There are 2 protein chains.
Amino acid sequence: MHMQVPEALNSIDRIIVDAILAGRITAGTRLGEQSLATLFAVSRTIAREALIRLEARGIVQVSPRRGWFVIKPSFEEAQEAFQARQAIEMGILMAVQHPGPEVVGKLRAHIIRERAAIASGDLEARSFLLGDFHVCLVEALGNRVLADILRDLTARTVLISALYQSNHDATVSCDEHEVITDALAVGDLKRAADLMVSHIGNVEAGLTRAKDDDPLTNLRHALKLSSRQE
Amino acid sequence: MHMQVPEALNSIDRIIVDAILAGRITAGTRLGEQSLATLFAVSRTIAREALIRLEARGIVQVSPRRGWFVIKPSFEEAQEAFQARQAIEMGILMAVQHPGPEVVGKLRAHIIRERAAIASGDLEARSFLLGDFHVCLVEALGNRVLADILRDLTARTVLISALYQSNHDATVSCDEHEVITDALAVGDLKRAADLMVSHIGNVEAGLTRAKDDDPLTNLRHALKLSSRQE
DNA sequence: TGCATCAGGCTTCCATACAAGACTGGCTAG
DNA sequence: CTAGCCAGTCTTGTATGGAAGCCTGATGCA
C-alpha cells in the first residue's frame, strides 16, 4: 500500500455531487464500489460508505447485487423536485426579514461569475454556478439547514434537466437571477419570492417529456408501461 | 448464528427515527455500533451503515473513535430548523392548487388520533402524532420529496423541544392543527399558510433558552462561552 | 496531598475474505 | 437454427479481525 494521501476520505461525496452539479455525471451513471475505491485509492468499505450517504441524500440508488447508479428521476419525481425547490425558496424569501447589503454583494459577485462562465463557454462552470446561485442565496440568508437541503435538491434538478433536455437558456436564467437580486437589494421580498417562483417555473417549463436517450421510450409509451424499473 | 429473522435490516433507521419522534430517545443519547448490532441481531456492519445513513440525514453525529450520538442542536441550529420548517410548510401551502376532500379527510382522521392520544395520556403517541401531522399534510398534498425532508426536520425539532423544554401545550397544538385543516377545507390556502407559520412560531416560542440538564449552563453563559463542544 | 504517567479497556475505523445473487456467453440437445 | 441450460464472471452484501485513538483509573513520585 503506497503512502498516497487519500485526498478523498469523506469528500468522495462532495466530489461526486460537484460532478453532478457540473453535469460531468449524468442520470443513470454507474458508480461501482470497486471503481470508486480504485479511483480514490481507498478500500471498498470507504467507497461503499460514501455511496450509502449519497443514497440517504437521494442522489444515488442501489439495485441489489447489480450496482449503484445515479438516480434517474421519473417525470413525476422531477415535478416534485421542482415543486419542492419552489416551495423552499419562496418560503425562505417570505420568512426572512432584512436581506442585508453583504448578502446582495455576494449574490452580485456570484452573478458576475455566472456571466463569465457563460461568456467563456465553460459549460461545466456554467451548470455548476447556475445551480449554486440558489444554494448561495439560502446560505447567505443564514440558514445552513435549508442550504444543505437545497444543495441535494439542486443536484437532483440538474440531473433532471440533462435527462429531459432542458432548453432553458443560460443567459435568461442569469438575467432572472439578476432581477431577483435587484428585488432583494431594494428589500422587496414579496417581489423576489414571486420572481423566484416564476424563475424555477421557467426552468421546469423548459423540460421536454421525451427523454430520447432511452431507445425504448416509444415502445414503452405505446404499451403504456411506466418506466419504473432501472 | 440463530435463525431469528433480523426484523430490522434496513428498518433500523426507521425504528430509531420513530423512537426520536415519540420522545423515547432524546438528544445526546449514545448509539453504539455494538449495542445496536446486538439489539437488532445483526452484525456491526449493518448497524454502522444505519448510523451512517442517519448521520447523512442530520439525525446523529459521530465523534471519532468515541461514539455515535443523537444530535444535540445548539440554540442557533434549533432556530434554523424551525425556520426551515416554517419556510417549507408555508411554501408548499402557497404552491398547492386544490387541497381535495380526501386530503382534508386524512388530516381530520389524524387529528382525531391526536386527541385520543392526548386524552389517554399516551405521551409517546402524542409526541409522535403531533409531529407526524405536518409530515402527513405534505405527503397528502402529493410531494414525497418534501415529506421525506420534513420527517427528518421534524425529528430534529422534536429533539430540540425536549432539549429546550418546550412548554407549548399539546392541546393548543392540536387545536391549531384543526384550524389549519379548516382553512384547507374551505380552500383558503393563504390563511392556512399564515396559520401554519404562526403555529410553528408558537411552538418555537415555547422553547426556553436554558437547557438545565447541562449543569454548566450558568457558568458558560457567565464566561460567554458558546456551547460548541460536545 | 497533588500531579504526572501509563496501562487497560472501550470505542470506532478500515481492510479483507468470503457468500450469494445477477448477468453473459457459449454449449448442447432437439 | 433455436431454446434452454449452465458455468464463469462480475457485482454487491455481510461478517470479522485487527489497528488506532480516547478515556479512566490506578500507581508512583515528590
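This is a predicted model, so every value here is computed, not measured. Sequence lines set the chain letters: A, B, ... in the order given, protein chains first and strands last, and positions in each chain run from 1.
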(request) Quickly work out the A:Leu51 CG to C:dC14 P distance and round it to whole Å. (result) 16 Å
(message) What is the distance, to the nearest angstrom, from the CD atom on B:Gln34 to the C1' atom on D:dT16?
(response) 11 Å
(request) Look at A:Arg66 and C:dG21 and indicate whether a side-chain polar atom (N or O) is within less than 4.0 Å of OP1 or OP2. (result) no
(request) Rounded off to whole Å, could you give me the CG-to-P distance for the A:Leu36 and C:dA15 pair? (result) 14 Å
(request) Specify the separation, in whole Å, of atom CZ of B:Arg48 and atom P of D:dG17. (result) 17 Å
(request) Would you tell me if any nitrogen or oxygen in the side chain of A:Arg44 comes within less than 4.0 Å of OP1 or OP2 on D:dT12? (result) no
(request) Enter the distance from A:Gln79:CD to A:Tyr164:OH here, rounded to the nearest 0.5 Å. (result) 9.5 Å
(message) Nearest whole Å is fine: how far is D:dC23 P from B:Phe69 CZ?
(response) 9 Å
(request) Take B:Thr45 and B:Ser35, find for each the nucleotide of DNA chain C with the closest heavy atom, and name the residue whose nucleotide sits nearer the 5' end. (result) B:Ser35
(message) I want to verify a distance call: between C:dC14, D:dT12, C:dC13, whose nearest atom is closest to the A:Ile46 side chain?
(response) C:dC14
(message) Taking only side-chain N and O atoms of B:Ser43, does any of them lie within less than 4.0 angstrom of OP1 or OP2 on D:dA15?
(response) yes
(request) Nearest 0.5 Å please: distance from the CD1 atom of A:Ile92 over to the CG atom of A:Leu150. (result) 9.5 Å
(request) Verify whether one side chain among B:Glu49 and B:Thr45 offers a donor that lies under 3.5 Å from an acceptor in the other. (result) no
(message) Rounded to whole Å, how long is the line connecting atom CD of B:Glu33 with atom P of D:dC22?
(response) 16 Å
(message) For C:dC10 and B:Arg65 - does any side-chain N or O of the residue sit under 4.0 Å from the phosphate oxygens OP1/OP2?
(response) no
(message) Parallel, tilted or perpendicular: which one describes the rings of A:His134 and A:His177, with boundaries at 30° and 60°?
(response) perpendicular
(message) If you count heavy atoms of other groups shown closer than 6.0 angstrom to CD of B:Glu102, is the number above 12?
(response) yes
(message) What's the closest nucleotide to the side chain of A:Arg30 if the choices are C:dT12, D:dC22, D:dT11?
(response) D:dT11
(message) Nearest whole Å is fine: how far is D:dG13 P from A:Glu49 CD?
(response) 14 Å
(request) Nearest whole angstrom, please: distance from the C1' of C:dC10 to the CH2 of B:Trp68. (result) 17 Å
